[in-house]
Amino acid sequence: MNFTSIHQSWLREAVKEWAFFTLPQRRGSVMSTVQDVVNAFATLSESLAVQRGDRGDNIRALSRLDAAGFLNRLSYLQQTGAVSAKRRVRICRYLVNHLGRMKSLGMLRSERPLHGLPEDFAILPEDVPDDPEDSEAGRDLPLQVMQRICDLLPTLGEFGRHGIENRVAVELLIDTGRRPHEICQLRWDCLKEDSDGQHVLIYDNYKSRRNGRRLPISQVTAHVVLEQQQRTRSEFPSTPTSELALLPTQRANPHGRKPITPGWLSSRHKEWVQSLPEFTAPAQVEVDGVLVSRMQPFDYSKIFLYAYRHTYCQRHADAGVPVDVLRILMDHRSLDTTQGYYRVTEKRRREAVDRVSTMQFDRQGKRVWRQAKALLDSEHVRRAVGEVAVPYGVCTEPSNVAAGGNDCPVRFRCVGCGHFRTDVSYLPDLEAYLADLLRNRERLAAALDADDWAKAEAMPSDEEISRVRRLIKRVKDGLEDLDADQRSEIEEAITVARRGRQGVMLGMPRVGQPLPDLSPARPA
């Protein structure tokens with residue numbers, strides 16, 4: 001191994017002793033892993049040599065200021081491109097873990113390498129920056145691409161060594177949005193049931209050092225885990241289940257305790273993606289100086305393991321999951337990190353509003369034609385301050401707008417009000433509302449213990465149901481009149497508009513949006 005890049009003798013000897021103790025405890029590519037840690041300490045050594053007059057040789061003179069100087073220099077190296085964001089995180093994490101490990105090995109004692117090192121010279125856990133995947137929004141995969149990936153996912157199970165484990169790992173990444181390391185390290189007994197009988201996935205958040213996290217999962221995802229448990233148990237029948245890995249490696253693993261690694265999974269996944277047929281997805285292209293959506297071949301370099309985490313978050317955000325709930329699902333510390341996954345810029349939102357406004361309808365289902373190519377600035381401002389959201393459109397009635405949507409004079413019978421309008425982006429909401437009306441009518445018609453006047457007040461009228469049906473039909477007919485390119489452009493605008501839409505006002509129960517089923521053929 002090479003320690004010559006560590007300039008200070010005390011730090012070099014400490015790292016050598018650490019390597020002597022840690023090498024027998026490691027498995028796999030031992031030399032490269034340990035050398036990577038040594039190189040992280042070399043980065044610290046270089047910082048001390050550059051920033052201190054004594055080049056860091058006087059161990060007793062060090063302080064927290066030197067640690068802060070190193071962190072600032074590391075940030076500068078990232079900004080100049082000398083160090084990648086991922087490498088910066090890894091260096092900080094290595095120093096947090098292994099500098100503390102050196103101290104626990106007794107290296108602070110007399111005549112040991114770190115004797116005299118001040119206590120405040122340390123890299124703290126809070127000094128570690130966020131992983132780059134937590135700070136790079138907009139890396140989610142389009143729905144069309146995800147559906148194709150899920151359709152072709154069984155072929156990953158036949159792709160080289162660990163095919164089944166790789167396929168299950170990717171399927172769990174898609175379904176749960178966890179980080180690759182968290183999925184690879186799942187134990188055999190990671191599936192539990194809550195008090196209500198629903199399944200939860202037990203995993204460890206290694207990044208934030210929070211173990212035993214509980215993630216609600218669907219029955220379909222639980223079925224994937226149960227099948228993998230059966231395969232692993234049949235392959236390693238003698239090993240106690242408490243010691244088994246859910247996704248065991250087939251290399252030097254006679255007892256099934258060692259899991260597949262994220263690096264291995266990433267490499268096999270990349271090879272598999274490159275072997276797939278060409279995908280197409282909506283993309284922004286410039287036509288006559290105007291950005292429009294067209295179906296274009298999708299860049300395979302955007303299909304990587306962490307992209308499934310972004311897609312998971314975006315899928316839930318598009319379905320209307322509140323950001324505070326989404327933060328818990330993603331297991332983030334702050335809302336700011338979660339919001340970074342699906343934030344929509346004002347420019348994209350405005351472009352989307354311009355597009356869906358060309359397919360706007362009034363309460364009668366009559367199309368409100370827009371002669372202008374785009375809305376004027378004043379119209380965008382009026383939309384921001386002169387309307388309020390309802391579950392399947394917007395309301396412009398002044399008193400209701402002033403009350404934030406809590407003072408509807410017609411008691412939320414929007415389709416009978418002249419102040420109501422909707423557009424193509426609200427089609428899923430209209431369909432959900434129609435289903436809710438029909439369901440409530442059936443329940444009220446049944447033997448419900450309620451007074452006749454209460455039933456009459458609550459019973460959805462035939463006029464309202466007919467109006468909603470007609471409105472849905474008019475919107476669908478408008479979509480069918482578009483050619484393929486126009487429909488692609490409108491669908492992309494709908495996605496953006498719904499993604500940036502504010503929550504529905506409190507005066508009316510919100511109609512939740514279902515998550516898109518990426519793989520409908522899977523057994524429930």
Working note: Leu117 + Lys103, criterion side chain to side chain contact (heavy atoms under 4.5 Å, CB included); need CA distance, chi angles, decisive distance, verdict. CA-CA 10 Å; Leu117 182 68; Lys103 295 176 181 179; 4.1 Å; yes

I'd like to know whether Asn97 forms a side chain to side chain contact (heavy atoms under 4.5 Å, CB included) with Val37, so could you lay out the CA-CA distance, the side-chain angles of the two residues, the decisive distance to 0.1 Å, and finally the verdict. CA-CA 10 Å; Asn97 295 334; Val37 179; over 6 Å; no

Applying side chain to side chain contact (heavy atoms under 4.5 Å, CB included) to Val168 and Leu247, what does each step give before you reach the verdict? CA-CA 8 Å; Val168 172; Leu247 303 168; 3.8 Å; yes

Before giving the answer on side chain to side chain contact (heavy atoms under 4.5 Å, CB included), spell out for Leu156 and Leu153 the whole-Å C-alpha distance, their side-chain angles and the decisive distance to 0.1 Å. CA-CA 5 Å; Leu156 179 57; Leu153 197 55; 4.1 Å; yes

Ring pair (Phe, Tyr, Trp, His ring centres under 6.0 Å) for Tyr300 and Phe279? Distances and angles first, verdict last. CA-CA 8 Å; Tyr300 279 3; Phe279 295 166; 5.5 Å; yes

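Contacts of Ala49 classified as side chain to side chain contact (heavy atoms under 4.5 Å, CB included), with partners at least two apart in sequence or in another chain: His7, Gln8, Arg55. Partners of Val83 according to the side chain to side chain contact (heavy atoms under 4.5 Å, CB included) rule, which considers only residues two or more places apart in sequence or in another chain, are Leu77, Arg87, Arg88. By the side chain to side chain contact (heavy atoms under 4.5 Å, CB included) test, Val200 pairs with Lys192, Asp194, Ile202, Arg214, sequence neighbours left out. When the side chain to side chain contact (heavy atoms under 4.5 Å, CB included) test is applied to Gln229, the partners found at least two apart in sequence or on another chain are Trp188, Leu191, Val225, Leu226, Leu246. Partners of Arg101 under the salt bridge (Lys or Arg N to Asp or Glu O under 4.0 Å) rule, at least two apart in sequence or in another chain, do not exist in this structure.
With 3.5 Å as the limit, one finds no donor-acceptor pair spanning the side chains of His310 and Gln314. A side-chain donor-acceptor contact under 3.5 Å links Tyr203 and Arg178. Residues Tyr308 and Asp140 bring no donor and acceptor atom of their side chains to less than 3.5 Å of each other.
Classification of Glu46 and Arg73 as a salt-bridged pair holds, one side-chain N sitting under 4.0 Å from a carboxylate O. Residues Glu431 and Lys476 are paired through a salt bridge, judged by an N-O separation under 4.0 Å between the basic side chain and the carboxylate. Using a 4.0 Å cut-off between charged side-chain N and carboxylate O, Arg210 and Asp204 make no salt bridge.
Judged by the 6.0 Å and 45° rule, Arg268 forms no cation-pi pair with Trp272.
Looking at heavy atoms from C-beta onward, Glu17 lies in side-chain contact with Pro113 at the 4.5 angstrom threshold.
Between His316 and Tyr312, the ring centre distance stays below 6.0 Å.
Looking at Asn72, its side chain does come within 3.5 Å of a backbone N or O of Ala68 through a donor-acceptor pair. Between the Gln35 side chain and the Asn2 main chain, a donor and an acceptor come within less than 3.5 Å of each other. No donor-acceptor pair under 3.5 Å is formed between the side chain of Asn166 and the backbone N or O of Val170. Thr311 contributes a side-chain N or O that, together with a main-chain N or O of Leu141, makes up a donor-acceptor pair within less than 3.5 Å. In this structure a side-chain-to-backbone donor-acceptor pair under 3.5 Å is present from Ser234 to Gln230. Remark: the backbone N or O of Phe41 is not paired with any side-chain donor or acceptor of Ser45 at under 3.5 angstrom.
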Please set out all donor-acceptor pairs under 3.5 angstrom arising from side-chain atoms of residues 235-242, sequence neighbours excluded.
unit_1, atom_1, unit_2, atom_2, d
Thr239, OG1, His255, O, 2.7

